[in-house]
Q: 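Could you have a look at this structure, given as structure tokens, before my questions?
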Amino acid sequence: LYEALRHKPKAPSLSPTHKTIIALGIANGMCHLHELNIIHRDLKSLNILLDENYYPKICDFGIARFKTESNQPVTQQIGTPHWMAPELFLKNNYDSKVDVYAFAIILWEMITEKIPFCGMNPIQIMTLVCQNHERPPLPEDLSPNLVTLINLCWAQSPQERPSFKNIYT
């Protein structure tokens, strides 16, 4: 997906319909992962492969983990800063909503075809996202429903973010 959004040689050209199908496919795949209590923790366009029909395949589960019912601490500051939820930078207590935040960044990326927080280092991104509560700017001509969805998905508070089941529905 990353290469297609950057129009790299040999990468597919994605129409708005392709992007919609990809977004729905990612939401559906993440819904299934979360039903299995798997948190991906590094969801990003680089970890979305496209098959010959442009259907998305979520990959790279190297830092994924099973969500446990205990209060066992989880690793913080894990993932790729450009797609990381605020709580991944700051807390050792987070849940599957970190993947919902990353999904919002992927949606933004598919709409703009830009790299989120391009040219910024991890400390700059952490400051913008965690302290200033900033997100990449949404295009002004974007559908109000899509603006609402993205804003919900990258909400500062994980409790305000929808589940992938709700997103997919």
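Sequence positions, counted from 1, serve as the residue numbers for this chain.
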Q: Between R41 and E87, does at least one N-O distance fall below 4.0 Å, as a salt bridge requires?
A: no
Q: Please name all residues satisfying ring pair (Phe, Tyr, Trp, His ring centres under 6.0 Å) with H82, sequence neighbours left out, ordered by chain then number.
A: none
Q: Do you know the tightest heavy-atom contact between M84 and L88?
A: CE-CB, 3.8 Å
Q: Do N166 and S163 touch side chain to side chain, with heavy atoms closer than 4.5 Å?
A: yes
Q: Considering only heavy atoms from C-beta outward, does the side chain of F164 approach that of S96 to under 4.5 Å?
A: no
Q: Same cluster or not: I150 versus V147, using hydrophobic residues (I, L, V, M, F, W, Y) connected whenever any side-chain heavy atoms lie under 4.5 Å apart?
A: yes
Q: Would you mind checking if D42 and K44 are paired as a salt bridge, meaning a charged N to carboxylate O distance below 4.0 Å?
A: yes
Q: Identify whether the distance between the nearest side-chain nitrogen and carboxylate oxygen of K19 and E113 falls below 4.0 Å.
A: yes
Q: So which atom in L43 and which in D99 form the shortest heavy-atom distance, rounded to 0.1 Å?
A: CD2-O, 3.6 Å
Q: Under 4.5 Å between side-chain heavy atoms, hopping through other hydrophobics if needed: is there a path connecting L149 to M110?
A: yes
Q: Taking atom CG of L146 and atom CG of L107, what is their separation to the nearest 0.5 Å?
A: 6.5 Å
Q: If we only count heavy atoms from C-beta on, is the I111 to P139 side-chain gap below 4.5 Å?
A: yes
Q: Donor-acceptor pairs under 3.5 angstrom involving side-chain atoms of residues 23-32: please list them, not counting sequence neighbours.
A:
residue	atom	partner	partner atom	Å
N28	OD1	H32	NE2	3.4

Q: Flag the pair L1 / L46 as yes when at least one side-chain heavy-atom distance between them is below 4.5 Å, and no otherwise.
A: no
Q: Enumerate donor-acceptor pairs with a distance under 3.5 Å from any side-chain N or O in residues 8-15 to protein atoms, sequence neighbours excluded.
A:
residue	atom	partner	partner atom	Å
S15	OG	T17	N	3.3
S15	OG	H18	N	3.1
S15	OG	H18	ND1	3.0

Q: Hydrophobic cluster membership, with links at side-chain heavy-atom distances under 4.5 Å among I/L/V/M/F/W/Y: are Y94 and I38 in one?
A: yes
Q: I want to check something: taking the side chain as every heavy atom from C-beta on, are W154 and I105 in contact at a cut-off of under 4.5 Å?
A: yes
Q: Determine whether I21 and Y55 satisfy the following criterion, side-chain contact (heavy atoms from CB on, under 4.5 Å), listing intermediate values before the conclusion.
A: CA-CA 7 Å; I21 291 168; Y55 293 149; 3.7 Å; yes
Q: What heavy-atom pair brings H40 and C59 nearest, and what distance separates the two atoms?
A: NE2-O, 2.9 Å
Q: So P162 and V100, do their side chains get closer than 4.5 Å, heavy atoms only?
A: yes
Q: Which value, rounded to the nearest 0.5 Å, describes the distance between I22 atom CD1 and I48 atom CD1?
A: 9.5 Å
Q: From T112 OG1 over to L138 CG, what is the distance, rounded to the nearest 0.5 angstrom?
A: 9.0 Å
Q: Give the cluster check for I106 versus M120: same hydrophobic cluster or not, with ILVMFWY residues linked at side-chain heavy-atom distances below 4.5 Å.
A: yes
Q: May I ask you to check whether Q156 and R161 show a side-chain donor-acceptor distance below 3.5 Å?
A: no
Q: Does any part of the side chain of W108, heavy atoms only, come nearer than 4.5 Å to the side chain of P116, both counted from C-beta?
A: yes
Q: Do M126 and I115 belong together in a cluster built from hydrophobic side chains that touch within less than 4.5 Å?
A: no
Q: Can you tell me how far apart CZ (F117) and CD1 (I125) are? Round to the nearest 0.5 Å.
A: 6.5 Å
Q: Nearest 0.5 Å please: distance from the CD1 atom of I167 over to the CG atom of L152.
A: 9.0 Å
Q: I need the N151 CG to R135 CZ distance, nearest 0.5 Å.
A: 9.0 Å
Q: Could you tell me whether the side chain of Y101 reaches within less than 4.5 Å of the side chain of V129, counting heavy atoms only?
A: yes
Q: Minimum heavy-atom separation for L50 and A4, please, with both atom names.
A: CD1-CB, 4.3 Å
